[in-house]
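What you see below is based on every heavy atom in this structure, not just the backbone, and it leaves out hydrogens, waters and symmetry mates. Owing to the predicted nature of the structure, the values given are computational and were not obtained by experimental measurement. Numbers restart at 1 for each chain; the letters A, B, ... are given by sequence-line order, proteins then strands.
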Protein chains: 2
Amino acid sequence: MRKPATIRDVAREAGVSVAVVSRVLNDGTGPVAPQTRAKVVETIERLGYRPRAAARELQQRTTSTIGLVLADLANPFFARLADRVVWEARARGVHVVLLTTQEDPHLEAESIDTLVERSVASVIATPAGDNVEKWARLIDLGIDVVFVDREIEGLEEIDVVTIRNDVSAEVAASHLIGLGHRRIGFISGPADTSTGRDRVTGFRRALQGAGLTADEDLIHHIPFRGDAGSDAVGALLNAAEPPSAIIVGNTAQVRSALRRIKQSDVRVPEDLSLVVFDDNPWTELVSPPLTVIRQPIDMLAVHSVDLAVGRAKGLLPAQRRRVEVEAEFVRRSSTAPLTQHAPAP
Amino acid sequence: MRKPATIRDVAREAGVSVAVVSRVLNDGTGPVAPQTRAKVVETIERLGYRPRAAARELQQRTTSTIGLVLADLANPFFARLADRVVWEARARGVHVVLLTTQEDPHLEAESIDTLVERSVASVIATPAGDNVEKWARLIDLGIDVVFVDREIEGLEEIDVVTIRNDVSAEVAASHLIGLGHRRIGFISGPADTSTGRDRVTGFRRALQGAGLTADEDLIHHIPFRGDAGSDAVGALLNAAEPPSAIIVGNTAQVRSALRRIKQSDVRVPEDLSLVVFDDNPWTELVSPPLTVIRQPIDMLAVHSVDLAVGRAKGLLPAQRRRVEVEAEFVRRSSTAPLTQHAPAP
DNA sequence: TTGTAGGCGTTATCAG
DNA sequence: CTGATAACGCCTACAA
C-alpha cells in the first residue's frame, strides 16, 4: 500500500513547478513548452499519477459528478434508464452517484442532503414525494435539477424530461375503444404523482371523445411498491360488471397484475384485452405477447444528461426547459376486438 | 443562488471557533459543553449548513464512497444487485458511484482510473476483462476490491462473493438427468470468464457422475452481450441429433435464447426441457413458467458491502476472504421427464 | 514560458 | 472544555 503520488511529486521528479504540471493536466489553462510537456507527461505516466478529485473539487466550486436519484432499480424501467444515464454521462466525462429512494419521501430527503454535501454539479431525479423545499434548496445552492419521468408541482426552475403521459394513455384507450371495448379498467400510479394523474387524464379524454362516461369503479390509483396490482386486478375481475379490457398504467405493478390474471381463468385476449405501460425485455416473451406503450428510454436519458450537464456548465438559457418525447404504441397480441362474452369452458 | 455556508460561517454565527463546530459535527472527536453544542446545532440548522464532502475527503485520507463497477444494468440480475448494494451501502452511511463497463475491458480500465481519482474507499465489481495490473494498482493504493458474481485470476488480495457456480450447474444437470435426459445442451458465458467456465465444469461433473460423456457440440460458450443466445439455440435445435434439454447458464442470454425457442415449433417441456440461470421477475410469467437457478441477490449484496466497508475501515483480518452463498434450484414447469420424441403436429 | 504563494473547507494537533 | 493553526492536494493569479 503505497501512498499515491501528488502533483508535487510529479513536479519534483520532472524538475518543474507544480504550476506547469497543473497546466499540462488541464491543458488550455496556460502555455507549456512542448518538450516540457513531454517530460511531464512521461513522469505522470511513470509515477502512475492521477489528480485527486477531492482536492480539485475543493478548489473549484463545482464537480464532474452528477447525482442520479431513482425510485427503484429493481424496476426494469428505472434500471435501463440508469444504464443509459450512466452511459451518456460517461460520454461527457461525468460520473454518477446513484441513490435510490424506494419511493420513500424521507429517504429522498436524505438523498438530497447527501447530494448537497457532495456538491454535485447537477441532479437527475424521479421525484417521489413532495420534498418541495428540499429541491428548492438544491436549486438555491446552484445545483441544477432535472426531473425525469415524473415531476412535482411548486418548482419553477426545474427542467423536466418525460413522455406525454396523457396522450400515451389516450392512445392506448382509443385503441381499445376502436376494438369495440366499452368498459375499460385503468390501473394507474398514486393520484399524487404526475404520471398517476396524467395517464388517467388521457384515459378519461379518450372515453369522452368516444362519447363514453368513465366508471369510477374501474379506475384504480395504487402505489408503486408492494403488491397492489394483484388486488386491483382482482377487484376489476370480480366487479358486478367486469371490464372487457384493462390498461395497466403503473409500470411497477405490471408484473403483479399479470400474475393475478394468470391465476384467474380469464383468457387474454379472448376474455380480456390488455395494454400495459412500458415495454421491457419480457413483454413479448409471455403468452400472449403484450400490447404496450413503449417509452423511449434512450431519449429520456440523452435529454436528461444533456440538460444536467449543460446547465452545470452554464451553457443553457436560463429558462426552464420541458422536453417531451414520444412514446410508441406497440400492438402485439394481448388486445383483440370485443366479442360477446363467452366464459371459459 | 446563494453560496453555501461554511464551517467558519457557523462558527462566527454561533460565537465559537471552527474547532468546536467540527467537534459537534463528528462527535466523539473531542469534548463539547452541552450548551455550546446546542447553540452550534441550532446555528447549523438555521444556516442550513452541510459540511462539504470534498474538503473532508481531502483532509482525511479516505472517503465514504464506494465504487460499484457492473457489466450492464440492463441485465435484471445486475440491476437488482445494484439496487441491493445501494441499499445496503446507505444503511452503512456510504455512497455509491456507479460505473458500467458494458463488458468492455477498455471501459473497465477507464473506470478503474476514475475510481483512483475519486479515491473511493473500496470497490465492488464484476470484472469484465483481464485488467489484472489495473486491479492490482487499486489494491496497491490501498483501495480494497471485492469481486462479486465473477472473478479473475492472478489477484491474491481480492475478496470474492459468489454463488457456487459449478455446484449450481451440477444440480441443474442432475435434475435433468434424473428426468431421463441424456443429451443436454449447455449455453454458458465466455470461456474466459469464471462463471462461463465453472458452470460448464459442474455440468460436466454431473454427466460424468451419471456415466454419461459430454458431447462437445452441445456446449456453447457465447458472449454476454449481443444476440448469440438465439444462434446457440438454433445450432442446438438443428443439430443432427438435437438435445432433449437445454440449460442456459448465461443469464444475459436467456431472453435471446427463449425468443428463439418460441419462434421454433418445439414445445416446452414436451419436446424440450429448459433450465435457466437466474430467476427474475418474469420467469414465472412466461409459458410455461421456467425452472431456474435462483441466485440470492440480497446475500450477494450484503456480503459484498460488508466486505467492502469492513475492509475500508480496516476491521477485517488481512487474509482474503471468499464468500460462497447457496443458489436455489427452483423447479417450475419447463422441465419434464424425457418422453419418446413426438414431433409437434 | 515558468515559478511562487495563497486559498478552497475540514480535521487534527496543540496550547490555552 | 475551547481556540489557533498547520496540513490535505490542487488551481490560479501574479511575478519573474
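- Computed from coordinates, the B/Glu57 CD to C/dG9 P distance equals 15 Å when rounded to whole Å.
- Picking from C/dT2, D/dA13, C/dC14 the nucleotide with the shortest atom distance to the side chain of B/Arg23 gives C/dC14.
- Distance, A/Lys39 NZ to C/dG3 C1': 13 Å, rounded to whole Å.
- The shortest distance between the side-chain N/O atoms of B/Ser17 and the OP1/OP2 oxygens of D/dG3 is below 4.0 Å.
- When the shell of 6.0 Å around CD of B/Glu157 is examined, it contains 12 or fewer heavy atoms from other residues, nucleotides or ligands.
- Toward the 5' end of DNA chain D, the nearer of the two residues A/Gln59 and B/Gln59, judged by each one's closest nucleotide, is B/Gln59.
- Comparing C/dT10, D/dG9, D/dC10 by their closest approach to the side chain of B/Pro51 singles out C/dT10.
- Within the 4.0 angstrom heavy-atom criterion, no nucleotide atom of any strand lies near A/Val21.
- Comparing C/dT10, D/dC10, D/dG9 against the side chain of B/Arg8 picks out C/dT10 as the nearest.
- In this structure B/Arg150 satisfies the side chain to side chain donor-acceptor pair (under 3.5 Å) test together with B/Glu103, sequence neighbours excluded.
- As rounded to whole Å, 12 Å separates atom C1' of C/dG9 from atom CD of B/Gln60.
- As rounded to whole Å, 6 Å separates atom P of C/dG9 from atom CZ of B/Arg52.
- The side chain of A/Thr6 sits closest to D/dG9 out of C/dG9, D/dA4, D/dG9.
- As a whole-Å value, the separation of B/Lys3 NZ from C/dC8 P is 9 Å.
- The side chain of B/Arg56 contributes an N or O atom lying less than 4.0 Å from OP1 or OP2 of C/dT11.
- As rounded to whole Å, 11 Å separates atom P of D/dC10 from atom CG of A/Asn26.
- To the nearest 0.5 Å, the span separating CD on A/Glu324 from NE2 on A/His303 amounts to 12.0 Å.
- Within the structure, a side-chain polar atom (N or O) of B/Thr36 is placed less than 4.0 Å from OP1 or OP2 of D/dT2.
- B/Arg61 has its CZ atom 15 Å from the C1' atom of C/dT10, to the nearest Å.
- One interatomic measurement links the two molecules: CG of B/Asp27 to P of D/dC1, which rounds to 14 Å at whole-angstrom precision.
- Among the protein residues, A/Ala33 comes within range of the sugar-phosphate backbone only, with heavy atoms under 4.0 Å from sugar or phosphate atoms but none that close to a base.
- With rounding to the nearest 0.5 Å, the separation of CG in A/Asp144 from CG in A/Asp159 is 7.5 Å.
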**OP:** Test B/Arg12 against B/Thr43 for side chain to side chain contact (heavy atoms under 4.5 Å, CB included), laying out the working first.
**Re:** CA-CA 10 Å; B/Arg12 180 164 16 78; B/Thr43 312; over 6 Å; no
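- Between the side chain of A/Arg321 and the backbone N or O of A/Ile158, no donor-acceptor pair lies under 3.5 Å.
- The base of D/dG9 has none of its N or O atoms less than 3.5 Å from a complementary donor or acceptor on the side chain of A/Arg50.
- Within the 4.0 angstrom heavy-atom criterion, base atoms lie near A/Pro31.
- The nearest heavy atom of DNA chain D to A/Ala5 and to B/Gly30 marks one nucleotide each, and the one closer to the 5' end goes with B/Gly30.
- Considering only side-chain N and O atoms, B/Ser22 lies under 4.0 angstrom from the phosphate OP1 or OP2 of C/dT11.
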